[in-house]
Asker: 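Take this structure, written in C-alpha cells, and hold onto it; I'll ask about it next.
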Amino acid sequence: MRFCLISSEMEHLTACSFAVGNFHVSDLLFHEQAQLPFSTFDRVLLAGFFPGVITRDFTLDRQIPKRDIPDAVKYKFTQNLPVDSEEVAWQYRIYGETGTEYRIRATAIGKAELAKLLRELAGKEIKLDMILLLPLILTEDIFPGIDDMGAPTEQNFKAFSTRSPVPAFLEKAKIDSIVSCAGMVPENMRPVRYRALKRINRTVAALAVIAAAFVIFSHWDRSYAEWKRIENENRQLTAELRELQRRNLKLNGDEKLLNSYREANAGYPQLELLLQELTQKVPDYMWVKSFRLSGNAADLVLESAKDDINFYNTMKDGKFYELRNLRKNKSKEDRVDYTLTLGLK
C-alpha cells in the first residue's frame, strides 16, 4: 500500500511518499507550481500539530456494542470540551483495552482553524483522504515510554519519530482504525481516485437496493396473495358459521314451541293448527323465546336478528287467532324482542 504523508509547518508543506513494506522515502517540497499525482496513492494524509487542538484520554465500557462506540465517544468527549461541540471537528482511536474497558484517545480542532487550513491546501491543489491530528497517535502502543514525557506535544513527537521511520509508526497506528467526524475533509478536496471509488460504491449500493427491493416486493406479493386467500376462506367460514347459528336459533325456537305445545291446555283442540299458522307466518330470522296459553288467549315472545317494520302487517289477524296487542323492545346485541297477545278463535 502506497502512502503520501503531508506534514504541515508554519511556512511550508512538506510531503514524503512511501510504500509500506519497502520504506522507500522521497522528500518533496510543495511550491505553488509543484503538484503530486495524489490519485496514484492508496492513502493521502495531512498530519500535523495544528493550533488549538484539544486532546483527551478516557475509557468506555466494553459492553457497549461496537456500532454504538462512535456516538458514545462523541457524547463523552464533546460534553467536556470548553467550546460548543458544533464548533469543532473531532476524531478518535482505540489504543488499548482491559478486561472491561476500551482506552480511547480523542482529539478536536476548531472548525474555523480547520477551514483556514483547508483554504491553504486548496490553493496548492492538494488532495486528501484524511487529516490526522498527530496527538492522536502519541500513545504507548506506538511510542513506548512517551507517557513518561508528559503531554503529547510536537517536541515529544519529533524526539520519538527519529527513533522510528515514519512508515513504521503509521503502520502501527492502523490508519483505518481512526474514526473521524463527518465532513472533516470536503468532497472537492478528495483525490479523483476517491471520487471514482465513491461512484462505484454508490452504483453497487444502488444495485443492491434495487435487488433488495425486488426480493422484498416478490415476498410481499406472495404474502399478499396468501393473505387474500386466507381472508376469502375466513369470509366463507364466517358466513357458514352465521348460517349455522341462525339454524340453531331456529331449531331452539321450534323446540321451545314444541315444549309449549306439550304443556298447553289440551282443552283447546285447534292448538296444533294455530301453531302451524304461526310457524308459517314468523320469518326465518326470528325465533320463539316463550309461548303461554291461558284460556282463550295466547302470549308469544319472539326474538329477531333485525328490526322488521312490516311485522305488524305480517302477523295481522289469522285464521285461528286475532292480534290483540303487539309490543316491540330493543334486546341485547342489537336484537329486537316482539311480544304478541293473540285472541284464539
Side-chain angles (χ1 to χ4, degrees), residues 1-4 20 37-46 59-79 85-86 88-97 100-109 111 114-115 118 122 126-133 136 170-171 173-238:
M1 180 178 289
R2 299 186 70 242
F3 280 86
C4 176
V20 174
F38 296 104
S39 293
T40 63
F41 295 95
D42 297 296
R43 291 287 190 279
V44 181
L45 292 82
L46 172 69
T59 59
L60 287 178
D61 196 320
R62 289 189 63 182
Q63 292 184 353
I64 296 176
K66 288 192 175 181
R67 66 177 181 275
D68 296 333
I69 289 179
D71 290 336
V73 169
K74 179 182 179 181
Y75 174 76
K76 190 165 185 177
F77 177 46
T78 58
Q79 71 173 346
S85 61
E86 298 301 321
V88 297
W90 52 273
Q91 57 187 187
Y92 76 91
R93 60 183 287 264
I94 300 175
Y95 69 92
E97 54 187 64
T100 58
E101 295 178 323
Y102 292 115
R103 300 176 64 192
I104 310 287
R105 171 161 293 184
T107 55
I109 182 173
K111 288 185 177 180
L114 179 62
L118 292 175
I126 295 176
K127 305 298 181 182
L128 297 173
D129 287 297
M130 179 181 177
I131 295 176
L132 174 61
L133 306 178
L136 193 68
L170 274 180
E171 192 172 21
K174 299 179 181 177
I175 296 300
D176 289 336
S177 68
I178 294 176
V179 179
S180 301
C181 67
M184 201 164 184
V185 178
E187 291 282 334
N188 62 348
M189 294 193 66
R190 300 280 190 174
V192 175
R193 171 255 309 149
Y194 171 88
R195 293 196 291 272
L197 287 175
K198 192 167 184 179
R199 283 195 296 271
I200 293 173
N201 288 340
R202 285 177 175 172
T203 302
V204 172
L207 292 174
V209 169
I210 292 172
F214 176 77
V215 171
I216 292 172
F217 176 78
S218 300
H219 179 72
W220 176 86
D221 190 52
R222 290 193 298 270
S223 299
Y224 180 75
E226 181 66 14
W227 175 76
K228 291 298 291 183
R229 184 187 65 79
I230 294 174
E231 185 182 40
N232 290 333
E233 290 183 357
N234 184 62
R235 189 181 296 111
Q236 293 174 2
L237 291 173
T238 301

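Predicted, not measured: the structure shown is a model, and the values here were computed from it.
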Asker: Can you confirm whether S85 sits close enough to F77 that some side-chain heavy atom of one is under 4.5 Å from a side-chain heavy atom of the other?
Answerer: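 Answer no - side chains too far apart.
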Asker: Taking all non-hydrogen atoms of both residues, which atom of Y92 and which atom of I104 are closest, and how far apart?
Answerer: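 Closest heavy-atom pair between Y92 and I104: CD1-CG2, 4.1 Å.
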Asker: About how many Å separate OG1 of T78 and CH2 of W90, when rounded to the nearest 0.5 Å?
Answerer: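 Reported value, rounded in 0.5 Å steps: 8.0 Å.
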Asker: Using side-chain hydrogen bond (donor to acceptor under 3.5 Å, both in side chains), reason through R235 and N232 one step at a time and then give a plain yes or no.
Answerer: CA-CA 5 Å; R235 189 181 296 111; N232 290 333; 2.8 Å; yes
Asker: Minimum heavy-atom separation for S180 to M184, with atom names?
Answerer: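 Looks like CB-SD, 3.8 Å.
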Asker: Counting only heavy atoms not in K111 (residues, nucleotides, ligands), do more than 12 fall under 6.0 Å from its NZ?
Answerer: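 For K111, atom NZ is crowded (more than 12 foreign heavy atoms under 6.0 Å).
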Asker: Measuring from Y224:OH to H219:NE2, what's the distance to the nearest 0.5 Å?
Answerer: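 If we round to the nearest 0.5 Å, Y224:OH and H219:NE2 are 15.5 Å apart.
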Asker: V185 and side chain to side chain contact (heavy atoms under 4.5 Å, CB included): which partner among L118, I131, L114?
Answerer: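 With V185 as partner, L118, I131, L114 yield a single side chain to side chain contact (heavy atoms under 4.5 Å, CB included), made by I131.
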Asker: Could you state the interatomic distance from CG (L136) to CD (Q91), rounded to the nearest 0.5 Å?
Answerer: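 If I round to the nearest 0.5 Å, the distance is 5.0 Å.
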Asker: Give the C-alpha distance, both sets of side-chain angles, the deciding distance and a yes or no for salt bridge (Lys or Arg N to Asp or Glu O under 4.0 Å) between E226 and R222.
Answerer: CA-CA 6 Å; E226 181 66 14; R222 290 193 298 270; over 6 Å; no
Asker: Report the distance from atom CZ of R103 to atom CZ of R93, rounding to the nearest 0.5 Å.
Answerer: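 Answer rounded to 0.5 Å: 10.5 Å.
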Asker: Does the N234 side chain pair with the main chain of I230, one donor and one acceptor, at a distance under 3.5 Å?
Answerer: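 Not at all, since once roles are kept as given, no pair shorter than 3.5 Å links the two residues.
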Asker: Between atom OG1 of T238 and atom CD of E233, what is the distance when rounded to the nearest 0.5 Å?
Answerer: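 It is 11.5 Å, given to the nearest 0.5 Å.
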Asker: Is the CZ atom of R67 crowded by more than 12 outside heavy atoms at less than 6.0 Å?
Answerer: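 At most 12 heavy atoms, drawn from other residues, nucleotides or ligands, come within 6.0 Å of this atom.
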Asker: Of the non-hydrogen atoms in T59 and K76, which two are nearest, and what is the gap between them?
Answerer: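 Taking every non-hydrogen atom into account, O-NZ, 2.7 Å.
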Asker: Looking at residues at least two apart in the chain, or sitting in another chain, which of them share a salt bridge (charged side-chain N to carboxylate O under 4.0 Å, His left out) with E101?
Answerer: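 Counting only residues at least two positions away or on another chain, E101 forms no salt bridge (charged side-chain N to carboxylate O under 4.0 Å, His left out).
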Asker: Please identify which of these residues, I94, D68, V73, meets the side chain to side chain contact (heavy atoms under 4.5 Å, CB included) condition with L60.
Answerer: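 Single side chain to side chain contact (heavy atoms under 4.5 Å, CB included) partner of L60 among I94, D68, V73: V73.
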Asker: Can you see which heavy atom on Y102 is nearest to which on E97, and at what distance?
Answerer: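 Taking every non-hydrogen atom into account, CE2-OE1, 3.8 Å.
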Asker: Counting only heavy atoms not in E231, do more than 12 fall under 6.0 Å of its CD?
Answerer: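 Atom CD in E231 is crowded, with more than 12 foreign heavy atoms closer than 6.0 Å.
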Asker: When rounded to the nearest 0.5 angstrom, what is the spacing between CD1 in I109 and CG in L133?
Answerer: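 Atom-to-atom, I109:CD1 and L133:CG are 5.5 Å apart.
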